[in-house]
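Hydrogens, waters and symmetry mates play no part in the numbers below; they use all other heavy atoms, side chains included. Start at 1 with the first residue, then count along the sequence.
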Amino acid sequence: MIGNGHTVALVSSSGSIDWLCFHRFDSPSLFARILDPDRGGYWSIQPEEPFESSRRYREATNILETTFECKGEP
């Protein structure tokens with residue numbers, strides 16, 4: 001999860017935002033893939049080729065860092 005005290009987004013293990021209520025927690029959701037994978041909507045930026053991903057929060061912050069590792073040619 002990432003947020004700013006007013007809203008929060010749920011980030012999947014592949015880096016997509018699958019749940020987001022924007023501008024406030026009690027606002028209607030913009031993305032709701034966790035409720036309906038086909039119609040709920042999501043936002044994603046990721047490599048086009050197969051990848052493995054890892055995530056971590058930067059030390060002493062709520063910054064979520066996602067790293068993509070591709071197995072393609074260098």
Side-chain angles (χ1 to χ4, degrees):
M1 294 180 78
I2 56 174
N4 64 2
H6 297 283
T7 191
V8 67
L10 178 63
V11 182
S12 76
S13 60
S14 64
S16 65
I17 296 178
D18 291 350
W19 179 263
L20 173 64
C21 292
F22 195 72
H23 292 290
R24 294 171 30 128
F25 289 114
D26 58 352
S27 298
S29 64
L30 294 177
F31 304 121
R33 187 180 197 182
I34 62 171
L35 298 179
D36 186 335
D38 298 323
R39 298 180 59 208
Y42 67 97
W43 183 86
S44 179
I45 185 167
Q46 63 190 32
E48 290 182 351
E49 61 188 78
F51 64 89
E52 291 184 17
S53 62
S54 60
R55 303 179 304 168
R56 71 179 186 98
Y57 286 98
R58 291 194 176 183
E59 187 175 333
T61 74
N62 67 344
I63 298 171
L64 181 63
E65 179 179 271
T66 303
T67 302
F68 298 103
E69 292 186 40
C70 300
K71 304 235 186 251
E73 294 183 30

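Residue Ile2 holds its CD1 atom at 9.5 Å from CG of Asn4, rounded to the nearest 0.5 Å. The structure places OG of Ser13 at 11.5 Å from CD of Glu52, a figure rounded to the nearest 0.5 Å.
No single ILVMFWY cluster, assembled from side-chain heavy atoms under 4.5 Å apart, contains both Val11 and Phe68.
Counting all heavy atoms, side chain and backbone alike, Ser44 lies closest to Ser16 at CB-CB, 3.7 Å. Residue Phe25 comes nearest to Gly5 through the heavy atom pair CE1-O, 3.5 Å, listed as atom of the first residue, atom of the second, then distance. Smallest separation of non-hydrogen atoms from Cys70 and Phe51: SG-CB, 4.2 Å. Closest heavy-atom contact between Ser53 and Thr66: CB-CG2, 4.4 Å.
Listed by first then second residue, pairs satisfying salt bridge (Lys or Arg N to Asp or Glu O under 4.0 Å) with a partner in residues 9-24 read Asp18-Arg33, Arg24-Asp26, not counting sequence neighbours.
Residue-environment remark: CD (Gln46) exceeds the threshold of 12 foreign heavy atoms within 6.0 Å. Within a 6.0 Å radius of CD1 in Ile63, other residues, nucleotides and ligands contribute more than 12 heavy atoms. At most 12 non-hydrogen atoms from other residues, nucleotides or ligands lie less than 6.0 angstrom from OH of Tyr42. For Glu69, the CD atom counts as loosely surrounded, since its 6.0 Å shell holds 12 or fewer non-hydrogen atoms of other residues, nucleotides or ligands.
The side-chain contact (heavy atoms from CB on, under 4.5 Å) test applied to Leu20 returns Thr7, Ala9, Ile17, Phe22, Leu30, Phe31, not counting sequence neighbours.
With salt bridges taken as basic N to acidic carboxylate O contacts below 4.0 Å, none links Glu49 and Lys71.
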